[in-house]
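Take a look at the structure set out below.
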Amino acid sequence: MKVLSVASEMFPMLKTGGLADVAGALPGALAPLGVQVRTLLPGHPKVLAALDAGAKVVAEWPLWFGGPARLLAGAAAGLDLLVLDAPHLHDRAGNPYLDANGRDWPDNAQRYAALAHAAARIGWGELKTWKPDVLHVHDWQGALVPAYLHYLGNGGNGGKKQPATVLTIHNLAFQGQFNAAVWPQLGLPDEAFSMHGLEYFGDVGFLKAGIQFADAITTVSPTYAHEIRTHRDGMGMDAMLRWRQAAVSGIVNGIDTEVWNPATDALLPARYGAQDLAPRLANKREIEKRFGLTADDSSPLICMISRLTEQKGIDLVAQHIDAIVATGARLAILGSGDAGLEAALRAGAQTHPQRVALRIGYDEPLSHLLQGGSDAILVPSRFEPCGLTQLYGLRYGCVPIVARVGGLADTVIDANDAALKAGVGTGIQFADVTAEGLLEALRRAVQLFRHQPADWLRIQRNGMAADVGWRSSAAEYAALYARLVAKESHK
Ligand SMILES: Nc1ncnc2c1ncn2[C@@H]1O[C@H](COP(=O)(O)OP(=O)(O)O[C@H]2O[C@H](CO)[C@@H](O)[C@H](O)[C@H]2O)[C@@H](O)[C@H]1O
């Protein structure tokens, strides 16, 4: 089975969020199942710089969405890549989607249409020696692939068999909706600009197109797969997703358990396993030092590692910082994002310098230290397709305190009285993303940490024993690919 994965970012080359982790880890998890994955990435400077010396030009397109482009085949960090090297579109340092002022690049529609059309050509056999059976595309940046196959298939591939398509939605909040003025530059026939095609409320909808035409639509947890078909959480796409109901499923994310392994993690001052968690204390002291917090063994140190957005419930934390401190918790926050939320958190940290500390920025090594030394990780998201930081928390004995939504609901077992008695709890969940819900969860955490140390340790150990790797989810993807390919061959 040959799969072309189409993603806009991939760990370790280029990462702004969880999509990169998934795109980076899934190929390795699928390989033992006989699925060979190559990943098509845009030629961001960081991606090109990471390519090994042996990369080869495998296609050249003199005029590709406004300038010359080449397709490079090579490897980086052991991953098998195809890279769309189109300097006029992707030779831009920094965040791949935003300019230096934090605004979307004005040509984002063309940039990712170019990537999607390139993927379709590879699907039609552009590379001669390697033709994928399945195109697995991620988020709106890859979502035009099924549309190119649908509208240009017969011309593009001379009527040959089309590859099957899977669209994975990592976050329905990002829909790739563009003004209709971009339409002429997408290279699609005019008939495609209709309600049954790419038109979305008068604009061009990339994610809408993917939902319309992908053979299968997955999202990254079963609960989120359910939520996005409801009016409340469907972000305008729920009716379409209900219409495509039979094609929609949820496959929970795993994590790379080699990159995230507290027993071998070189980014931790002290390494440890589930049998002996004592070394975590040295990591906690290092966090306190780095964040300028006073050492205090009676108050749990709770970290957050997050994009600073309302999705992640950051506003709630900022608004209620005094009450949070009053529960007895201490906070160490690492994040970047919304400037207003940054400022609100900074003000909270200034009011409580011994109890709340903030580091603005994106810092992968620091995120490992926080997981390896904090007592708990707080994830108060309003919606969360899957969430990865709670999975890293489980693996590192950093107890997740999470809102009961999306993948957070699917991956953390609330340590309520029944769960404690049965010895199965792995974290703390709260149902209402409100001040009361959040504070009650923090009070429970402080109570367990201070007064029920045996239960706390049990929760940590249960989490560390949880199956957070990719094996079972990779098997679900492999089975999905196999079903789609079998169906295609019967067409
Ligand atoms: N300041 C910082 N410094 C260092 N590291 C930081 C950081 N801020 C965030 N990270 C890291 O970025 C990743 C974020 O992943 P998440 O799954 O939590 O959210 P995201 O919303 O980006 O992903 C979307 O896609 C993923 C993948 O499917 C879904 O899990 C998720 O629910 C969905 O919203 C984690 O690896 C985290 O450690």
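One-based numbering, in listed order, for ligands and for the atoms of each. On a predicted model such as this, the values are computed, not experimentally measured, just so you know.
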Just to confirm my output: which protein heavy-atom neighbour is closest to [atom], and how far is it?
atom                    : result
atom 29 (C) of ligand 1 : Gly387 N, 3.7 Å
atom 37 (C) of ligand 1 : Thr389 CG2, 3.6 Å
atom 19 (O) of ligand 1 : Lys312 NZ, 3.1 Å
atom 31 (C) of ligand 1 : Glu384 OE2, 3.3 Å
atom 17 (O) of ligand 1 : Leu388 N, 3.1 Å
atom 21 (O) of ligand 1 : Arg307 NH2, 2.6 Å
atom 14 (C) of ligand 1 : Gly18 N, 3.5 Å
atom 2 (C) of ligand 1  : Tyr362 CD1, 3.5 Å

Under 4.0 Å from any heavy atom of [X], which atoms of ligand 1 are there?
X      : result
Ile305 : 5 (N), 6 (C), 7 (C), 10 (N), 38 (O)
Gln311 : 34 (O)
Gly361 : 1 (N), 2 (C)
Ser306 : 8 (N)
Asp21  : 13 (C), 35 (C), 36 (O)
Asn171 : 34 (O)
His170 : 24 (C), 25 (O), 27 (C), 28 (O), 33 (C), 34 (O)

Hey, which of His90, His117, His138 is the one that makes ring pair (Phe, Tyr, Trp, His ring centres under 6.0 Å) with Tyr112? His90
I need the single residue from Trp140, Tyr200, Phe201 that forms a ring pair (Phe, Tyr, Trp, His ring centres under 6.0 Å) with Phe178. Which is it? Trp140
Out of the candidates Leu378, Leu370, Leu358, Ile360, only one should pair with Ile333 under the side chain to side chain contact (heavy atoms under 4.5 Å, CB included) rule; please name it. Leu358
Correct closest heavy-atom pair for Ala118 and Leu84 would be CB-CD1, 4.2 Å
Ignoring angles and geometry beyond distance, decide whether [X] reaches within less than 3.5 Å of ligand 1 through its nitrogen or oxygen atoms.
X      : answer
Cys386 : yes
Ser336 : no
Val22  : no

Decide side chain to side chain contact (heavy atoms under 4.5 Å, CB included) for Leu30 and Tyr481; before the verdict, give the C-alpha distance in whole Å, the side-chain angles of both, and the deciding distance to 0.1 Å. CA-CA 11 Å; Leu30 283 164; Tyr481 300 152; 3.8 Å; yes
Return yes when [X] approaches ligand 1 closer than 4.0 angstrom through a heavy atom, no otherwise.
X      : answer
Lys15  : yes
Gln390 : no
Tyr224 : no
Gly335 : yes

Looking at [Y] and [X], is there a salt bridge between them, counting it only when a charged N and a carboxylate O are closer than 4.0 Å?
X      : Y      : answer
Arg355 : Asp296 : yes
Asp363 : Arg290 : no
Arg483 : Asp215 : no
Arg271 : Asp265 : no
Arg382 : Asp315 : yes
Arg330 : Glu288 : yes
Arg38  : Asp80  : yes

How are the rings of His368 and Trp260 set relative to one another: parallel (under 30°), tilted (30 to 60°) or perpendicular (over 60°)? parallel
Are Arg404 and Phe430 in a cation-pi setup, meaning NZ or CZ lies under 6.0 angstrom from the ring centre and within 45 degrees of the ring axis? no
With heavy atoms only and a cut-off of under 4.0 Å, state how Asn253 meets ligand 1: side chain, backbone, both or neither. side chain
Heavy-atom distances under 4.0 Å are what count here, so tell me which part of Leu19 touches ligand 1: side chain, backbone, both or neither. backbone
